[in-house]
Number of protein chains: 2
Amino acid sequence: MELTDRQKQILRAIVDIYVSTAEPVGSKAIAALPDVCYSSATIRNEMADLTQMGLLEQPHTSAGRIPSPAGYRLYIDELMQDYRLSLDETKSLNEALELKSQEFDKMMSQVGKLVSKMTDLPAYTVATRRNEAVTKHFDLIMAGPGSIILVLMLSDDQVRNKLIKLPVAVTEADLKLLAAVLNASMTDLTAEQINAELLEKITRTAGAASALVPLVIDFTLECLRQQHGDVHLTGQMRLLGQPEYKDAAEKAQEVFETLDEDMISNLPAVLPKDGPVQFLVGPENVAKELKDTSVVMMRFDIGEGMQGTIGVVGPTRMDYAKITAKLGYFAENLGKMFQKGGAATQPALTDGTDASNK
Amino acid sequence: MELTDRQKQILRAIVDIYVSTAEPVGSKAIAALPDVCYSSATIRNEMADLTQMGLLEQPHTSAGRIPSPAGYRLYIDELMQDYRLSLDETKSLNEALELKSQEFDKMMSQVGKLVSKMTDLPAYTVATRRNEAVTKHFDLIMAGPGSIILVLMLSDDQVRNKLIKLPVAVTEADLKLLAAVLNASMTDLTAEQINAELLEKITRTAGAASALVPLVIDFTLECLRQQHGDVHLTGQMRLLGQPEYKDAAEKAQEVFETLDEDMISNLPAVLPKDGPVQFLVGPENVAKELKDTSVVMMRFDIGEGMQGTIGVVGPTRMDYAKITAKLGYFAENLGKMFQKGGAATQPALTDGTDASNK
DNA sequence: GCTTAGCACTCCTTGGCTCTGAGTGCTAAT
DNA sequence: ATTAGCACTCAGAGCCAAGGAGTGCTAAGC
């Protein structure tokens, strides 16, 4: 059943006010709004109807109304008005986006921190493969007696490396040969295409370093199969700034216990499919500990083979319009940054790090 | 002025009890202990003395005593008894230590999570260079038209890589040449040894890809100069489980605002020098927001060139003995794991990740 | 002289109580 | 259909008294 315009107006007003005050909204407050020309009594009647329809809730008989999850959902789907970032806001977002030459993983984590800071809520980022990855290039480097480093490049520009300790000694020449063999027979392969037959063939031609082959293959398969990158979740504690968790450390902790990287990567749509932005309102979350928590996720493009998601977690009462606008701005500019590829030095999209062990 | 044995016994008892109950300790509670054979009145007298000496504090006139920071410090330095891990505890620590083949950075972050989980407090890990690093090997890989990946290996087995976009086109052969030049003239160099003269010499011999040289050098210097790796801080919210933050979300948030990776890396001794373990008790912390917070840090060895630190952050009232024991166990076993180098496949100390961008 | 029993005193905590005010639902008038 | 008016509800703030844990001090005991 369709809502009347007036009902929509009232619902929207209630969501807007409640989102910013975190207090139940009474009929008088609505009536006092400049663009509302009905008395509080009329509003009360409408509010009673909206409550009946399940769009509003009443914490107790003599309190104002707050939106129900269904109310939020309707607000998001139909009533939400585009929030326009103020000049100040875009300015600080722009400043925030000036990322230093960084490795990719670090950059993603940095972006998460920025988003969290700008929204004052917990935020996460993930990079996800769009198409299946294939192998691109192998490299083997001596790293000391009995240990070598395997460097593997994938089609999505991921570079992964692994230190391998060998029981047997191999020479530089052996490694060169093996690398040549690998590059000759294992280029542009998906995980499925790497089979026992291939493995055998490579082992046969690999010469002295053939003991390495299974290790190389294992690692390659592991990399190829990895669906999405690490989830970078930060700023969880910003939830505490929200009034719903004032003097409710217990509740907050319950949420924190559920809210970790694992939980994020199990979200029904770590990368939203339907559109660039997606909402999970309160009980739409799987975990019941998060029934009072919402997630806004926004997709952005990183090159051909990859895409990223940035998300924000907050109380169900949150400023969806504003958060969406901010995420959108981030997504758009990140996308641009990746697209144009960064002026050689600028947004350096590489990984790095690694590995000691003797 | 030296404490009498009885005073020591009482101080120890107060710390022990307070640490586990988080409630001020009264004279009766002490008198009731099995190995205390004095009446509560005697204890009261001693407690008054200890208070006068500044080792105990009284929240208000008619409350029991709690240890002052000085009291904790004395407890740590002189009174603390070795805590022995129970069989159950070592068992779960051992289970926790069964880390899957992982890249180094991820492993460090995982260890942090484990420590945090086992101590039920926020924890961090850092890896730090012990000696100066030198360059070991360069590698350049085509990553598509106009973009290449630079792979750099350092003496501490770090492998770092970076995607570089070039305005000019280069061929595979150009890259091969450049790589050969780099490896010929830039092996085993420290950051200082890389100077303008060297740069010029390389540029001269680098052929077609000489435009790349400054970028390579910059990145190399950046890597060589990096003193310590990323700080991995996790489990901050576990602080909320501590009674001091029950119903004190504000205070907790204040702490959280200060307690981040930056703060950790500015700790006076990210890696303790004096001994494997070090304590920062309450106000010994620099930041005044952390005046009620203590840090326990424990060093462990990773191979020749590197060492790691694991640390735990908690309320000043914390079980220093137990935490130290647990950290010690972790450190010892991590050390072993790195030392023996992992059976080729096991603790895989590599990095990985990287970098898309088109 | 050290130890301890006893006692008056302090002061935080808890629970119950009332009062207040915001907000509702309903009815009757416009 | 709207609105003014009114009785009713109920959470929250403020207040007070009782309860109880713990102290410091004094005087008696070993």
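So you know, we letter chains A, B, ... as the sequences are listed, proteins then strands, and number each from 1. Since this is a predicted model, take the numbers as computed values, not measurements.
Atom P of nucleotide C:dG23 and atom OH of A:Tyr18 are separated by 14 Å, given to the nearest angstrom. Rounded to an integer number of Å, the gap from NE2 of A:His60 to P of C:dG21 is 16 Å. Here the C1' atom of nucleotide C:dT13 and the CD atom of B:Glu23 are 11 Å apart, to the nearest Å. Rounded to whole Å, the distance from CG on A:Asp49 to P on D:dT2 is 12 Å. Distance, A:Ile43 CD1 to C:dA22 P: 19 Å, rounded to whole Å. Taking atom CD1 on B:Ile30 and atom C1' on C:dT3, their separation rounds to 17 Å, with Å as the unit.
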* Which parts of nucleotides 24-30 of chain C does protein reach within less than 4.0 Å, heavy atoms only, written one letter per nucleotide 5' to 3' as B for base, S for sugar-phosphate only and - for none? -> BBB----

List, with names and distances, any nitrogen or oxygen atoms from the protein found under 3.5 Å away from nitrogen or oxygen atoms belonging to nucleotides 16-20 of chain C.
none

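Ion pairing between a basic and an acidic side chain is recognised when a charged N comes within 4.0 Å of a carboxylate O; B:Glu2 and B:Lys8 show such pairing.
Under the 3.5 Å distance criterion, the side-chain polar atoms of A:Ser116 are left unmatched by any main-chain donor or acceptor of A:Pro122.
Annotation: side chain of A:Glu46 is not in contact with side chain of A:Tyr38 (no heavy-atom distance under 4.5 Å). Using a 4.5 Å heavy-atom cutoff, the side chains of A:Ile14 and A:Leu55 are not in contact. Put simply, the side chain of B:Ser40 does not reach to within 4.5 Å of the side chain of B:Ile30, judged on heavy atoms.
Crowding of B:Asp77 atom CG: a count of heavy atoms from other residues, nucleotides or ligands under 6.0 Å exceeding 12. The neighbour count for A:Arg84 CZ, taken as heavy atoms of other residues, nucleotides or ligands under 6.0 Å away, does not exceed 12.
Applying the ring-ring contact (aromatic ring centres under 6.0 Å, His included) test to pairs two or more places apart or on separate chains, those with a residue in residues 60-87 of chain B are B:Tyr72-B:Tyr320.
At C:dT3, none of the side-chain N or O atoms of B:Thr42 fall inside 4.0 Å of OP1 or OP2 (strictly under the cut-off).
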